[in-house]
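Comments concern the structure below.
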Amino acid sequence: MSIEILPLCLIAGFVCALFFGDPPNKYHPLSWFGSLVNIIIPKLKSRTDNSFLEKFNGIFFLLFIIIIFSLLTHYLAIQFYIVFGLVGFVFYSSLSVKFSIAISTMEEHVNIIADSLKKNNIEKARNSLSYIVSRDTRSLDQEHIISGTIESIAESTVDGIISPIFYFSIFGPIGAIVCRIINTLDSMIGYTDSYYYNIGWMTAKTDTLMNYIPSRICAILIVISAKIIGADSKNSMYILREQCRNTASINAGYPISAMAGALGVKLEKIGQYEIGLAIDSLSVKKFQIAISIMKISAVLFCIIVSIPIMVLLSLVGWWNLLFVI
């Protein structure tokens, strides 16, 4: 496979994700996957609350999902090449990137929350926020809605954009799709409540491991992006260094602290953490700055990290080994 093919697929898929949102849920593959998971999960529960059995079922289910989607993704990539040639392979690989990263979709969610807050429709803002965070949003005031939205933008820069691109850089379409599947599965069953804890235990651990490197690279890129757009890059670096471990998650604190510092605000998840310094007040205006930082960080990741990885792997013959076509 020629050295420029995978970078071309990445660029094409990234541009599509940047300018085009996702299709309605009934047409979206991840929505189909979510519906399937909701059917299967109750069947994995132990009638006797056997934690070992539930963990075993959860591990087996995760491995089954990873293997099936890896084989299916690879098979489709090969078939697109056989039937449509190199153009077909580029189309399919670009599509795998587009459906694996959430840029315009995230921006759409944020805009809905922003519009609701501008119209003082707190209930709608709370409901809209509930789609992008795992916390209970029903009693949040405006300040905590804004905080939750900014935190979500920061975290989504990692698991919704940079991580899928990172794994696409190493494994092609398989990496992007499987990464997105694991992230989606984690958002559904990787909770700490008693119902999901055992079944989602391995999924949560896998998602944490998968995002370990991308989260730390992302935090540095947020600092650089803040510098590029004229936000507070020095404070971003300071808060990142001092408060990146304030969250229970070993990954989430990195992008959140860097983003809080860049915006000059204090972000709070009630009862769990406070990150940042309240240099500026939390306002809807911060949303667009955060979105700009998210986009620039993603572009920088593609240029500085992803494309060099793909070129290097091409030079050592990795892609010809992975895609024997």
Next on the checklist: Under 4.5 Å side-chain heavy-atom separation, chaining through any Ile, Leu, Val, Met, Phe, Trp or Tyr, what else clusters with L71? Say none if it is isolated.
Outcome noted: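 Listed partners: I67.
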Counting only heavy atoms not in [X] (residues, nucleotides, ligands), do more than 12 fall under 6.0 Å from its [atom1]?
X    : atom1 : answer
R245 : CZ    : no
F69  : CZ    : yes
K55  : NZ    : yes
Y195 : OH    : yes

Checklist entry - Is the F84 ring parallel, tilted or perpendicular to the F80 ring (thresholds 30°, 60°)? => result tilted
Next on the checklist: Can you classify the ring geometry of Y81 versus F89 as parallel (below 30°), tilted (30 to 60°) or perpendicular (above 60°)?
Outcome noted: perpendicular
Checklist entry - Considering the options K285, K286, K266, which one meets the side chain to side chain donor-acceptor pair (under 3.5 Å) requirement together with D280? => result K286
If I take atom [atom1] from residue [X] and atom [atom2] from residue [Y], how far apart are they, to the nearest 0.5 angstrom?
X    : Y    : atom1 : atom2 : value
S94  : L6   : OG    : CG    : 9.5 Å
S156 : E107 : OG    : CD    : 12.5 Å
L312 : I170 : CG    : CD1   : 11.0 Å
T149 : F287 : OG1   : CZ    : 4.0 Å
L263 : I239 : CG    : CD1   : 11.5 Å
I112 : N127 : CD1   : CG    : 10.0 Å

Donor-acceptor pair, side chain of [X] and main chain of [Y], under 3.5 angstrom:
X    : Y    : result
S169 : I309 : no
N183 : C179 : no
Y167 : M210 : yes
S93  : V90  : no
T73  : P173 : no
W319 : M310 : yes

Item to check | Intermediate values then yes/no, side chain to side chain donor-acceptor pair (under 3.5 Å), S51 and N198 | outcome: CA-CA 6 Å; S51 60; N198 293 313; 4.9 Å; no
Checklist entry - Out of I291, V299, I293, which one pairs with K295 under the side chain to side chain contact (heavy atoms under 4.5 Å, CB included) rule? => result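 Single side chain to side chain contact (heavy atoms under 4.5 Å, CB included) partner of K295 among I291, V299, I293: I291.
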Checklist entry - So which pairs with a foot in residues 223-235 pass side-chain hydrogen bond (donor to acceptor under 3.5 Å, both in side chains), sequence neighbours left out? => result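 side-chain hydrogen bond (donor to acceptor under 3.5 Å, both in side chains) check on residues 223-235 returns S225-S297.
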